[in-house]
Amino acid sequence: MSLKTLLLPYISRWLFSRQRLLNKRTQAERQRKAKNAPHRVHYFHQVDDPYSALTVAALPALLARYDIELQVHIVDAPPDSAAPERDKLIAYSRVDAERIATRYGLTFKDPGQQPAPEAVATASACLVANHEAETFAALASRLTQNLWKTGTDLFTGIKAPVASASAVNAHKASANALRSQLGHYLGATFFYAGEWYWGIDRLYHLEQRLQDVQAQRPGVEGVLFPPVADLSTPVKCINPPPIDFFFSFRSPYSAIVAERVFRLAELTGAQVNLRYVLPMVMRGLPVPAAKRQYISHDTAREAFVRHIPFGCLNDPVGLPTERGLALIDYAVRIGQGQAYVLSYMRGVWSEGIDAGSDRGLRRIAERAGLNWTEAKLALARNKWRLQAERNRDELFRLGLWGVPSFRVGSISTWGQDRLWLISDEILKTSSQPTRPT
């Protein structure tokens with residue numbers, strides 16, 4: 001066992017602990033008060049990004065609800081290293097944004113294509129010229145809606161100046177550099193006092209933090225876009241469709257959603273098909289440090305909200321993942337597939353177990369009901385590699401590329417924060433008229 005394997009659980013338990021996060025927030029607020037500085041929130045906007053189109057629509061309400069100084073930055077798309085399947089990301093983002101808009105009563109329709117480059121350039125020039133917070137908030141949502149409506153003139157109902165090409169280039173260069181310096185890579189992102197918040201999905205974390213430091217204006221309660229609660233009571237469904245659950249043992253988001261997927265299946269009677277894939281890094285795809293760091297810290301916040309243990313981890317990259325995957329088919333064959341996946345996820349992501357060792361993997365396997373003698377025989381087989389490749393091919397065929405992802409019927413989606421979509425699709429087969437709350 002390496003020194004890294006020995007120390008990582010202790011380091012990660014501290015690094016991702018809720019108390020450390022709260023201590024950092026307290027220190028940041030203390031420093032802000034000492035400088036008599038405002039609650040300064042940076043917003044990074046990508047003009048042709050559907051998620052930015054949704055997020056910018058929330059800015060007027062955010063400014064009305066909180067005493068903040070908003071600084072707006074117009075940025076370019078993420079670098080290739082942070083978007084390894086860019087075409088799939090672009091196409092999926094439009095579909096996903098429309099679903100989010102429907103869920104939260106926002107306005108966005110997928111036109112089936114990106115806006116014309118000339119329109120994006122003109123919109124960028126307009127937003128750069130009007131990037132001061134109040135002006136931007138009033139202008140950007142309408143301009144963005146025009147940009148995404150096929151056949152609509154960009155400046156319908158709008159009179160605003162536009163910046164020169166050189167001014168746009170200079171602004172974007174500075175904004176891109178600041179985003180990178182602060183540690184992110186996407187548009188539709190907020191940065192406040194050391195933490196990042198992505199889009200509509202994570203805005204509630206920012207709002208809760210602003211409320212913790214009493215930055216809300218009088219009468220403000222709740223948050224604009226609360227996370228959708230999981231199904232919590234049994235529902236009688238008629239022939240519920242199966243859930244294809246695409247996951248990786250090295251994906252922290254997969255780790256915190258596995259229990260929720262299995263619980264949804266239990267409550268609705270749906271079957272879960274375990275569609276495991278190799279992690280990106282084990283398929284030769286680089287994952288930038290900023291992306292790894294954001295995902296890990298964001299997972300810790302999301303796990304806390306969902307009451308899922310997370311943070312004392314032992315990175316299963318390489319051999320630990322391969323050994324773990326080798327046992328899935330055996331576990332499924334004896335009816336313990338879900339129990340085993342859950343045991344593995346908890347073991348490496350919240351208990352610091354080294355799945356690369358016989359001692360660690362045996363502990364994970366036996367508590368899930370696997371026989372260790374049989375498990376050792378399964379470890380010698382390589383059939384799982386072919387199945388993992390088939391699962392990846394199927395994921396790509398669905399227009400997806402990352403995990404966790406799900407398919408139910410004709411619906412496929414990506415992300416632990418889209419389980420509500422899968423739940424809603426299953427509940428269409430329910431004999432009850434409405435979704436239980």
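Sequential numbering from 1 along the given sequence is applied to the chain's residues.
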Colleague: So which pairs with a foot in residues 408-417 pass salt bridge (charged side-chain N to carboxylate O under 4.0 Å, His left out), sequence neighbours left out?
Modeller: R202-D417
Colleague: Please check if any side-chain donor atom of S343 sits under 3.5 Å from a side-chain acceptor atom of R367, or the reverse.
Modeller: yes
Colleague: Using a 4.5 Å cut-off on heavy atoms from C-beta on, say whether the side chain of L325 contacts that of I328.
Modeller: yes
Colleague: Mind jotting down which residue pairs meet the salt bridge (charged side-chain N to carboxylate O under 4.0 Å, His left out) criterion with at least one end in residues 328-348? Sequence neighbours excluded, please.
Modeller: E259-R346
Colleague: Search all heavy atoms of A58 against all heavy atoms of I200 and return the closest pair with its distance.
Modeller: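 For A58 versus I200, the nearest heavy atoms are CB-CD1, 4.2 Å.
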Colleague: Going by salt bridge (charged side-chain N to carboxylate O under 4.0 Å, His left out), name the residues that satisfy it together with R407, two or more places apart in sequence or in a different chain.
Modeller: D244, E394
Colleague: Measure across P50 and F108 and return the closest heavy-atom pair with its distance rounded to 0.1 Å.
Modeller: CB-CZ, 3.7 Å
Colleague: Tell me whether N382 at atom CG has more than 12 heavy atoms from other residues, nucleotides or ligands lying less than 6.0 Å away.
Modeller: yes
Colleague: Ring pair (Phe, Tyr, Trp, His ring centres under 6.0 Å) for Y104 and F225? Distances and angles first, verdict last.
Modeller: CA-CA 7 Å; Y104 288 116; F225 308 105; 5.2 Å; yes
Colleague: Looking only at the side chains, is there a donor atom on one of S254 and S251 sitting less than 3.5 Å from an acceptor on the other?
Modeller: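 Looking only at side-chain atoms, S251 and S254 do form a donor-acceptor pair, the distance falling under 3.5 Å.
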Colleague: Would H45 and H73 count as a ring pair (Phe, Tyr, Trp, His ring centres under 6.0 Å) here? Give the steps.
Modeller: CA-CA 6 Å; H45 184 78; H73 313 276; over 10 Å; no
Colleague: Measuring from atom CD of E98 to atom CG of L54, what distance do you get when rounded to the nearest 0.5 angstrom?
Modeller: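 Here the rounded value is 10.0 Å.
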Colleague: Could you tell me the separation between the CG atom of L62 and the CG atom of L70, rounded to the nearest 0.5 Å?
Modeller: 7.0 Å
Colleague: At their closest point, which heavy atom of Q216 faces which heavy atom of Q211, and how far apart are they?
Modeller: OE1-CA, 3.3 Å
Colleague: Given L127 and F136, is the side-chain contact (heavy atoms from CB on, under 4.5 Å) satisfied, shown in steps?
Modeller: CA-CA 7 Å; L127 293 177; F136 182 88; 3.8 Å; yes
Colleague: Measuring from R250:CZ to M345:CE, what's the distance to the nearest 0.5 Å?
Modeller: 13.0 Å
Colleague: For residues 298-337, which residue pairs qualify under ring pair (Phe, Tyr, Trp, His ring centres under 6.0 Å), counting only residues two or more places apart or in two chains?
Modeller: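 Only F310-W349 qualify under ring pair (Phe, Tyr, Trp, His ring centres under 6.0 Å).
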Colleague: From Q114 CD over to S93 OG, what is the distance, rounded to the nearest 0.5 angstrom?
Modeller: 8.0 Å
Colleague: Verify the neighbour count for atom CZ of R306: are there more than 12 heavy atoms of other residues, nucleotides or ligands below 6.0 Å?
Modeller: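 Yes, the 6.0 Å shell around CZ holds more than 12 heavy atoms from other groups.
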Colleague: Test I411 against R99 for side-chain contact (heavy atoms from CB on, under 4.5 Å), laying out the working first.
Modeller: CA-CA 11 Å; I411 295 292; R99 291 167 175 170; 4.0 Å; yes
Colleague: With sequence neighbours excluded, what pairs up with R359 under the side-chain hydrogen bond (donor to acceptor under 3.5 Å, both in side chains) test?
Modeller: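 Scan of R359 (side-chain hydrogen bond (donor to acceptor under 3.5 Å, both in side chains), adjacent residues dropped) gives none.
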Colleague: Distance only, no hydrogens: is a donor on one side chain within 3.5 Å (strictly under) of an acceptor on the other, for E389 and N391?
Modeller: no
Colleague: Could you give me the CA-CA distance, side-chain angles and deciding distance for I426 and C237, then say whether side-chain contact (heavy atoms from CB on, under 4.5 Å) is met?
Modeller: CA-CA 8 Å; I426 294 174; C237 294; 4.2 Å; yes
Colleague: Residues in side-chain hydrogen bond (donor to acceptor under 3.5 Å, both in side chains) with H184, at least two apart?
Modeller: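 side-chain hydrogen bond (donor to acceptor under 3.5 Å, both in side chains) list for H184, sorted by chain: empty.
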Colleague: Is the closest side-chain donor-acceptor distance between Q113 and R94 under 3.5 Å?
Modeller: no
Colleague: Specify the closest pair of heavy atoms between L143 and A123, including all atoms of both residues, with the distance to one decimal.
Modeller: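 Looks like CD2-O, 3.9 Å.
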Colleague: Apply side-chain contact (heavy atoms from CB on, under 4.5 Å) to L267 and V235, showing your working.
Modeller: CA-CA 6 Å; L267 292 173; V235 176; 6.0 Å; no
Colleague: For the residue pair Q19 / N23, report whether a side-chain donor-acceptor contact shorter than 3.5 Å exists.
Modeller: yes
Colleague: Mind checking the CG-CD1 spacing from L264 to I243? Nearest 0.5 Å is all I need.
Modeller: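 So the CG of L264 and the CD1 of I243 are separated by 4.5 Å.
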Colleague: Going from OG on S12 to CG on L7, what distance comes out if it is rounded to the nearest 0.5 angstrom?
Modeller: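 The CG atom of L7 is 10.5 Å from OG of S12, to the nearest 0.5 Å.
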Colleague: Using salt bridge (Lys or Arg N to Asp or Glu O under 4.0 Å), reason through D230 and R263 one step at a time and then give a plain yes or no.
Modeller: CA-CA 9 Å; D230 288 343; R263 177 63 172 160; over 6 Å; no
Colleague: Is a donor from one side chain sitting under 3.5 angstrom from an acceptor on the other, for Q208 and D212?
Modeller: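 The answer is no; no qualifying pair exists.
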Colleague: Give a yes or no on whether the ring-centroid distance for W196 and F190 is below 6.0 angstrom.
Modeller: no
Colleague: Applying side-chain hydrogen bond (donor to acceptor under 3.5 Å, both in side chains), can you list everything that pairs with R362, at least two apart in sequence or on another chain?
Modeller: E366
Colleague: Return the set of residues passing salt bridge (charged side-chain N to carboxylate O under 4.0 Å, His left out) with E195 (not counting sequence neighbours), or none when no residue passes.
Modeller: R25, R209, R301
Colleague: Could you check W198 against Y51 for ring pair (Phe, Tyr, Trp, His ring centres under 6.0 Å), going step by step and ending with a plain yes or no?
Modeller: CA-CA 9 Å; W198 176 72; Y51 298 116; 4.8 Å; yes
Colleague: Between V75 and L186, is any pair of side-chain heavy atoms under 4.5 Å apart?
Modeller: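 SC-SC contact between V75 and L186 ruled out.
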Colleague: Could you tell me whether the side chains of Y43 and T55 share a donor-acceptor contact shorter than 3.5 Å?
Modeller: no
Colleague: What's the shortest heavy-atom distance between A290 and G183, and which atoms?
Modeller: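 For A290 versus G183, the nearest heavy atoms are CB-O, 3.8 Å.
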Colleague: Among pairs that include at least one residue of residues 43-72, which meet salt bridge (charged side-chain N to carboxylate O under 4.0 Å, His left out), considering only residues two or more places apart or in two chains?
Modeller: R40-E69, R65-E207
Colleague: Who pairs with D201 by salt bridge (charged side-chain N to carboxylate O under 4.0 Å, His left out), at least two apart in sequence or on another chain?
Modeller: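 Only R418 meet the salt bridge (charged side-chain N to carboxylate O under 4.0 Å, His left out) criterion with D201.
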Colleague: Using the six-membered ring of Y294, assess whether NZ or CZ of R292 lies under 6.0 Å from its centre and within 45 degrees of the ring axis.
Modeller: no
Colleague: Please identify each residue that fulfils ring pair (Phe, Tyr, Trp, His ring centres under 6.0 Å) with Y276, with sequence neighbours left out.
Modeller: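 Testing Y276 for ring pair (Phe, Tyr, Trp, His ring centres under 6.0 Å), a comparison that skips the adjacent residues, returns none.
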Colleague: On a heavy-atom basis, which atom in V72 and which in A133 lie closest, and how many Å separate them?
Modeller: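 Nearest pair, atom of V72 first, then A133: CG2-CA, 4.4 Å.
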Colleague: Could you check whether Y344 and F249 have their ring centres less than 6.0 Å apart?
Modeller: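 Here the rings of Y344 and F249 have centres that are less than 6.0 Å from each other.
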Colleague: Return a table of donor-acceptor pairs under 3.5 angstrom between the side chains of residues 370-378 and protein atoms on other chains or two or more places apart.
Modeller:
unit_1: N371; atom_1: OD1; unit_2: T373; atom_2: N; d: 2.9
unit_1: N371; atom_1: OD1; unit_2: E374; atom_2: N; d: 3.0

Colleague: Angle between ring planes, F191 versus H42, binned at 30° and 60°: parallel, tilted or perpendicular?
Modeller: tilted
Colleague: Tell me if the aromatic rings of F406 and F245 count as close, with their centers under 6.0 Å from one another.
Modeller: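 Ring centroids of F406 and F245 are less than 6.0 Å from each other.
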Colleague: Go through the steps to decide whether H39 and Y66 satisfy the test ring pair (Phe, Tyr, Trp, His ring centres under 6.0 Å), and finish with yes or no.
Modeller: CA-CA 9 Å; H39 296 284; Y66 299 97; 9.5 Å; no
